[in-house]
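To start, the structure itself, in structure tokens.
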Amino acid sequence: MSDPAKPVHSLSESLLRWYGEHKRPLPWRKNKDPYKVWLSEIILQQTRIDQGRPYFERFAAKYPDVHSLANADEVEVLNLWQGLGYYSRARNLHHTAKFVSGKLGGNFPHTQKDLRKLKGIGEYTSAAIASICFSEAVPVVDGNVMRVISRIYLIPDALNDTAQKAKIYKHAVNLLDRSNPGDFNQAIMELGSLICKPFKPECEICPVSSFCGAYKHQKTTEYPKPKIKLVKKERSLFFLIPVFNNGCSLLTRRNTSDIWKGLYTFPLLDKEKHKERLQRKLAEKACPIETISIKHILSHQIILADFLRFQIKDRGEFCDLWNYATGEMVNIVKEDAISSTKDLLSMEEKSNIFEIEFDELFLKYPLPRLISKYLEKRPLEKI
DNA sequence: AATACGGGGTA
DNA sequence: TACCCAGTATT
């Protein structure tokens with residue numbers, strides 16, 4: 001597995017020495033509070049530190065411990081998460097906070113095995129918490145570690161090949177400093193993020209370059225081979241922004257296991273045919289439509305969004321319009337008829353579209369970035 | 001074993 | 001533009 005001429009313990013030693021000497025960018029880990037470590041790890045999943053840091057600060061300030069997070073409303077949590085993406089992380093965060101607070105007396109499990117059972121905590125996060133907070137000798141293998149080990153041991157295709165991925169894990173176990181797993185794990189991740197970067201790694205200042213096969217052969221750019229890209233699917237969405245005579249509009253909560261689950265958007269059509277029928281009907285009424293198109297590119301799909309804004313009498317007339325366009329009935333209630341999230345959830349089976357004052361939109365409800373982008377272009381001033 | 005799930009940063 | 005990111009849950 002490893003080159004016997006180069007004992008791995010000195011690789012680990014070099015790494016730890018380097019880690020001890022340079023400034024750590026994640027100070028909240030120092031006190032090893034499982035709640036804070038957990039919170040930061042969830043926020044940082046698939047997220048750069050600079051992007052996640054302000055979110056962590058806001059969460060830690062608003063919810064200093066697991067009980068305060070558990071007692072929060074889910075919509076409130078999603079609101080604080082707004083814009084960060086992968087919203088199931090926020091829903092699972094809240095679910096797990098309630099579980100730890102209510103069933104475990106506020107104490108997180110101490111082992112990777114038990115941490116792993118909590119919602120939103122997988123292989124990586126359980127290992128990170130167990131090693132950092134409880135000094136359990138388990139390695140973390142994230143994207144950084146994968147890249148570092150791929151280069152050191154010349155394992156080319158760990159991102160696509162299961163067998164090679166397993167090799168990476170074995171090396172990670174072998175390298176781990178069992179007397180200091182928390183620091184070691186942070187050290188190897190930080191090496192990947194600061195030195196052993198995907199592009200232009202800084203091998204000249206790398207503390208373990210003398211152990212690195214890719215550096216030795218000047219082939220760092222070939223390791224690891226890029227992950228096979230998935231085809232982005234195009235998808236058209238037509239958001240409807242009716243402006244009622246009373247100055248209100250409509251909002252809907254997304255409940256399907258689709259994108260933006262748990263967030264709020266304008267009611268939308270996803271069939272070209274339905275959109276055309278709606279446009280035709282509005283034209284008959286001599287009702288002008290203002291259309292703004294936005295192309296929203298995500299990692300797995302390209303959303304072509306048309307925002308259709310139009311003036312209409314009231315929600316009753318909108319129901320007729322919707323019915324005409326889609327052939328489906330809808331039931332729309334007033335926002336102030338909903339006093340809590342619970343009401344909203346129980347109402348969802350019938351209809352989850354509700355009438356709302358423009359001002360309320362930004363304050364109470366978590367919106368996808370796409371909707372925020374639209375509102376930046378076209379604010380919803382009252383008429 | 002694949003696929004879905006956001007959004008922003010970087011070269 | 002293409003790729004990557006301190007991954008997990010679902011299918």
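Letters A, B, ... are given to chains in the order of the sequence lines, protein chains preceding strands, and every chain is numbered from 1.
Nucleotides C:dT11 and B:dG6 are separated by 14 Å at their P atoms, to the nearest Å. Using atom P as the reference point in both C:dA9 and B:dG8, the two lie 24 Å apart (nearest Å).
Across the protein-nucleic acid pair, A:Lys119 atom NZ and C:dT8 atom C1' stand 12 Å apart, rounded to whole Å. Remark: P of B:dG9 and CZ of A:Arg53 are 14 Å apart, rounded to the nearest angstrom. Between the CG atom of A:Leu93 and the P atom of C:dG7 there is a distance of 16 Å, given to the nearest Å. In this structure, A:Ile228 atom CD1 and C:dC4 atom C1' are separated by 16 Å, rounded to whole Å. Straight-line distance from the CD1 atom of A:Ile297 to the P atom of C:dC3: 14 Å, rounded to whole Å. Here the P atom of nucleotide B:dG7 and the CD atom of A:Glu376 are 13 Å apart, to the nearest Å. One can place CD of A:Gln82 at 11 Å from P of B:dG8, the figure rounded to the nearest angstrom. Rounded to whole Å, atom C1' of C:dC4 lies 7 Å from atom CZ of A:Phe199.
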Could you pull out all donor-acceptor pairs under 3.5 Å where a side-chain atom in residues 228-235 of chain A meets a protein atom, sequence neighbours excluded?
residue: A:Lys232; atom: NZ; partner: A:Leu298; partner atom: O; Å: 3.4
residue: A:Arg235; atom: NH1; partner: A:Asp258; partner atom: OD1; Å: 3.3
residue: A:Arg235; atom: NH1; partner: A:Gln301; partner atom: OE1; Å: 3.0
residue: A:Arg235; atom: NH2; partner: A:Asp258; partner atom: OD2; Å: 2.6

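At a threshold of 4.0 Å, the pair A:Glu74-A:Arg253 counts as salt-bridged, since one of the basic side-chain nitrogens sits closer than that to a carboxylate oxygen.
Put simply, the residue from A:Ile259, A:Leu78, A:Asn92, A:Val77 that forms a side-chain contact (heavy atoms from CB on, under 4.5 Å) with A:Tyr87 is A:Leu78.
Mapped onto DNA chain C by nearest heavy atom, A:Ser126 and A:Lys225 fall at different nucleotides, with A:Lys225 at the one closer to the 5' end.
With sequence neighbours left out, A:Asn180 forms a side-chain hydrogen bond (donor to acceptor under 3.5 Å, both in side chains) with A:Asp183. Shown here are the side-chain contact (heavy atoms from CB on, under 4.5 Å) partners of A:Lys281, two or more places apart in sequence or in another chain: A:Glu284, A:Lys285, A:Leu321, A:Tyr324. Here A:Glu202 pairs with A:Ile195, A:Lys197, A:Glu204, A:Ile205 under the side-chain contact (heavy atoms from CB on, under 4.5 Å) rule; sequence neighbours left out.
Using a 4.0 Å cut-off, some side-chain N or O of A:Thr125 falls inside it from OP1 or OP2 of C:dT8.
Taking the six-membered ring for Trp and thresholds of 30 and 60 degrees, A:Phe307 and A:Phe239 have nearly parallel ring planes, at less than 30 degrees apart.
Proximity of a side-chain donor or acceptor of A:Tyr86 to a complementary backbone N or O of A:Ile43 within less than 3.5 Å is not detected. Under the 3.5 Å distance criterion, the side-chain polar atoms of A:His110 are matched with a main-chain donor or acceptor of A:Phe108.
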Set out, line by line, the N/O atom pairs under 3.5 Å between protein and nucleotides 2-6 of chain B.
residue: B:dA4; atom: OP1; partner: A:Lys233; partner atom: NZ; Å: 3.0
residue: B:dC5; atom: OP1; partner: A:Asp258; partner atom: OD1; Å: 3.1
residue: B:dC5; atom: OP1; partner: A:Ile259; partner atom: N; Å: 3.4
residue: B:dC5; atom: OP2; partner: A:Gln301; partner atom: NE2; Å: 3.1
residue: B:dC5; atom: N3; partner: A:Tyr86; partner atom: OH; Å: 3.3
residue: B:dG6; atom: OP1; partner: A:Tyr87; partner atom: N; Å: 3.2
residue: B:dG6; atom: OP2; partner: A:Trp260; partner atom: N; Å: 2.6
residue: B:dG6; atom: O4'; partner: A:Tyr86; partner atom: N; Å: 3.0
residue: B:dG6; atom: N7; partner: A:Tyr86; partner atom: OH; Å: 3.4
residue: B:dG6; atom: N7; partner: A:Ser299; partner atom: OG; Å: 2.8
residue: B:dG6; atom: O6; partner: A:Tyr86; partner atom: OH; Å: 3.0
residue: B:dG6; atom: N1; partner: A:Gln46; partner atom: O; Å: 3.2
residue: B:dG6; atom: N2; partner: A:Gln46; partner atom: O; Å: 3.3
residue: B:dG6; atom: N2; partner: A:Thr47; partner atom: OG1; Å: 3.4
residue: B:dG6; atom: N2; partner: A:Leu84; partner atom: O; Å: 3.3

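The stretch residues 140-147 of chain A touches DNA chain C through A:Asp142, A:Gly143, A:Asn144, A:Arg147, each having a heavy atom under 4.0 angstrom from the strand.
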